[in-house]
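Step one of this worksheet: look at the structure below.
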Amino acid sequence: MQQVFFAFCMILLTVVVYLAMSKLYKRYTYPFLLPILTTTAVIIFILVMLHIPYKNYMVGGQWVNSLLGPAVVALAYPLYKQRRFLMNYLFTIVGGVLIAAISGMVSVGLLAKLLGIDHTLILSIIPKSLTTPVAIEVAEGLGGNASMAIFSVMIAGIFGAIIAPTIFKFMKVHSPIGRGIALGSNAHAMGTAKAAEYSELTFSMSSVAMTLCAIIGTFLGPIIVWLFHF
């Protein structure tokens with residue numbers, strides 16, 4: 001009974017902190033105040049101050065974590081609403097996602113290899129631009145570490161969502177399709193959340209890109225590792 005109560009408290013803590021950080025972000029829309037980033041920082045601070053081990057936190061946190069898969073599936077709704085538009089630009093979308101997936105995996109792999117990073121770590125960070133559930137499976141299939149894969153996915157998502165507005169402004173990217181593909185292909189779910197701030201169409205494009213990138217990346221991962229000997 002005590003464990004159930006503690007699990008409920010951890011779930012409540014996560015939800016309350018996230019809602020508070022979301023409200024803060026809506027009032028002050030600075031990139032570094034992204035809810036996923038600030039919520040993580042606040043929860044870590046609370047756990048450290050209260051001396052609560054991460055393992056204990058995950059007694060409740062695992063229930064929040066388990067909702068990640070259904071949340072990804074729920075993105076099918078905006079895709080359905082934009083289905084006619086998507087079919088009209090199918091070649092552009094698939095081509096853009098394919099280029100993003102290849103360049104993302106190859107670039108991080110080559111950079112890691114150039115820096116002399118451990119082989120297992122390289123295999124873990126190659127699927128960094130895929131959504132978390134898929135990245136874990138791809139990393140483990142390649143011989144990497146699931147925990148490091150999750151960490152690399154978070155870093156890619158947070159950095160992508162923070163830096164995207166600056167890149168769009170500098171490169172003068174105003175197209176909802178361009179913004180959506182860029183965010184979804186490189187920053188997965190966090191990028192898709194950022195895309196929702198622009199327009200529904202940008203959000204839909206990002207959802208499509210994230211889904212396609214996950215599918216394409218599953219097949220590309222082993223091929224790229226084999227071609228480049230990572």
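If you're wondering where the values come from, they're calculated on a predicted model, not measured in any experiment. Worth knowing before you read on, the calculation uses all heavy atoms, side chains too, and leaves out hydrogens, waters and symmetry mates.
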When clusters are formed from ILVMFWY side-chain contacts under 4.5 Å, directly or step by step, what else is grouped with [X]?
| X | result |
| --- | --- |
| Val173 | Phe159, Ile163, Ile167, Phe168, Phe170, Met171, Leu183, Tyr198 |
| Leu114 | none |
| Ile44 | Val48 |

Taking every non-hydrogen atom, the tightest pair across [X] and [Y]:
| X | Y | answer |
| --- | --- | --- |
| Pro127 | Ala135 | O-CB, 3.5 Å |
| Leu33 | Leu24 | CD2-CD2, 4.2 Å |
| Met105 | Ile224 | CB-CD1, 3.6 Å |

With hydrophobic residues grouped by side-chain heavy-atom distances under 4.5 Å, do [X] and [Y] end up in a single group?
| X | Y | answer |
| --- | --- | --- |
| Leu110 | Ile223 | yes |
| Phe91 | Met87 | no |
| Leu90 | Ile99 | no |
| Phe228 | Val138 | yes |
| Met210 | Phe219 | no |

Partners of [X] by side-chain contact (heavy atoms from CB on, under 4.5 Å), sequence neighbours excluded?
| X | answer |
| --- | --- |
| Phe45 | Met49 |
| His174 | Lys172, Arg179 |
| Ile102 | Leu98, Val106, Leu220 |
| Val17 | Leu13, Met21, Thr39, Val42, Ile43, Ile46 |

Residue set satisfying ring pair (Phe, Tyr, Trp, His ring centres under 6.0 Å) with Phe8, at least two apart, ordered chain then number -> none
Within a reach of under 6.0 Å around NZ of Lys26, are more than 12 heavy atoms found that belong to other residues, nucleotides or ligands? no
Using atom types as modelled and distance alone, determine if a side-chain donor or acceptor of Ser185 lies under 3.5 Å from a backbone N or O of Ala182.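 Such a contact is absent between Ser185 side chain and Ala182 backbone.
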Please tabulate, for the side chains in residues 142-156, all donor-acceptor contacts under 3.5 angstrom to protein atoms that are two or more places apart in sequence or on a different chain.
residue : atom : partner : partner atom : Å
Asn145  : OD1  : Ser147  : N            : 2.9
Asn145  : OD1  : Met148  : N            : 3.1
Ser152  : OG   : Met148  : O            : 3.3
Ser152  : OG   : Ala149  : O            : 2.8

Residues in side chain to side chain donor-acceptor pair (under 3.5 Å) with [X], at least two apart?
| X | value |
| --- | --- |
| Glu197 | Tyr25, Lys194 |
| Ser199 | Thr202 |
| Ser206 | Thr192 |

